[in-house]
Amino acid sequence: MQARYRRAVVKVGSNVLTRGDGTLDVAVMEGIVDQLAGMMKLGMEIILVSSGAVASGKALISSHRKLDAVSARQLYSSIGQVRLINSYCELFARHGIVCGQVLTTKESLSTRDHYLNQMNCMNTMLENGVIPVVNENDTISVTELMFTDNDELSGLVASMMNAECLVILSNVAGIYDGPPQDPSSSVIPEIRPGDDVSGFIDPGKKSSFGRGGMLTKYRIAAKVADEGIEVAIADGKKEGILTDILSDSPRADMRYTRFLPSEKPISHVKKWIAHSDGFAKGEIHINEGAYRALTGDRASSLLPVGVTSVKGEFEKGDIVRIMAPDGHAVGVGKVSAGSVRAAESIGQKGKRPLIHYDYLYIDISE
Ligand code: GLU
């Protein structure tokens, strides 16, 4: 057996790692760690993004005071993360593998400097044979500063670390072509770039412990695949599933959804920008001509002549959202001027780009 990828990010959801009562399911964790260790022995570099801190913390303590939602999350994650990382540490040690903890926040990845620091840290860990175990720092990232869920975080990590594959493990076998509980529905095995299967997914369905639902997973998977990274969504409790996805010898009886990667090359900076939507400081509204240029086949920058209005306060180098004439967001980019100068230049011809093509990410999938 050989490793199918050079470097992969594996995200494990709370529902995979915990039992119905919220305590960590060590047998499942052991199975996942054994499979990851097997792949590492074959030379694959792995970054593990693991949820489960809040769910397992909740099972560890019964608070005597009534807590508000934010304090509860802070308390549970602070104790649950210790339990989680200790379990991983012990399980990886059985294979002679050292694991390291990386706790991060959306805010700390919003500046390019911090993003590069975080990347450097994980590259150093990998170079030294250490497996990074990543989670959001739930003790300080609350409400609007939070990642939507760890699916979003894992997409960013896969892109940041230039992984060849992202595996999202949940308690569902993949994306179905109908309601998963309906016996006539089946798992879609392959989604190609440009395919839209979002219509099959029930938008209201959330998992019981984790924050994300299938629609978020689908959106993240499609975006990451569009950046040239293969993505798999699979049932993490299924024995042998990871080995099946990550090795070159798949079994015929394994069902999961694989997103084939797009073949167009995308630069590292663009990948960062693609995941920076949540950090946007303002909006730039564009006219029909600019919309056609930006969404067309040729590489185009956003010029002041195509701008109709500027909203919010931002500085040169900040991330802004680009809004189409009909008001929907079409992408994000890093601006070369602050909001005051950008507003002054509206409609002017022959000016330098407000967002250069290299710092622009257009997404017309929604
Ligand atoms: N960071 C959270 C935890 O470890 C999970 C967030 C999610 O559900 O994706 O509990």
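Start at 1 and go down the list; that is how both ligands and their atoms are numbered.
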Enquirer: Where do Leu260 and Ala225 come nearest, in terms of heavy atoms and distance?
Expert: O-CB, 3.7 Å
Enquirer: Can you tell me which residue among Asp25, Leu169, Asn15, Ile32 is in a side-chain contact (heavy atoms from CB on, under 4.5 Å) with Lys237?
Expert: Asp25
Enquirer: Heavy-atom distances under 4.0 Å are what count here, so tell me which part of Asn150 touches ligand 1: side chain, backbone, both or neither.
Expert: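 Asn150 to ligand 1: contacts from backbone and side chain alike.
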Enquirer: Distance under 4.0 Å to a non-hydrogen atom of Ser51: what atoms of ligand 1 satisfy this?
Expert: 4 (O), 5 (C), 7 (C), 9 (O)
Enquirer: Is Asp149 touching ligand 1 with its side chain, its backbone, both, or neither, if touching means heavy atoms under 4.0 Å apart?
Expert: both
Enquirer: Only heavy atoms of Asn135, strictly under 4.0 Å: list the atoms of ligand 1 that pass.
Expert: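 Counting atoms of ligand 1 from 1, those under 4.0 Å from Asn135 are 1 (N), 3 (C), 4 (O).
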Enquirer: If we only consider heavy atoms of Ser77, is any one of them less than 4.0 Å away from an atom in ligand 1?
Expert: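 For ligand 1, residue contact (heavy atoms, under 4.0 Å) with Ser77 is absent.
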Enquirer: Within the structure, does Ala55 bring an N/O atom to less than 3.5 angstrom of an N/O atom in ligand 1?
Expert: no
Enquirer: Roughly how far, to the nearest 0.5 Å, is the CG atom of Leu215 from the CG atom of Asp151?
Expert: 11.0 Å
Enquirer: Using a 3.5 Å cut-off on N or O atoms only, is Asp138 in polar contact with ligand 1?
Expert: yes
Enquirer: For a quick check under 3.5 Å, do Glu230 and Tyr5 share a side-chain donor-acceptor pair by atom type?
Expert: yes
Enquirer: Is it true that a side-chain atom of Thr257 and a backbone atom of Ile188 form a donor plus acceptor pair closer than 3.5 Å?
Expert: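 Present.
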Enquirer: Using side-chain contact (heavy atoms from CB on, under 4.5 Å) as the criterion, point out the one residue from Ile346, Val332, Val320 that pairs with Ile284.
Expert: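 Per the side-chain contact (heavy atoms from CB on, under 4.5 Å) rule, the option paired with Ile284 is Val320, out of Ile346, Val332, Val320.
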Enquirer: Between Asp151 and ligand 1, is there a nitrogen or oxygen pair with a distance under 3.5 Å?
Expert: no
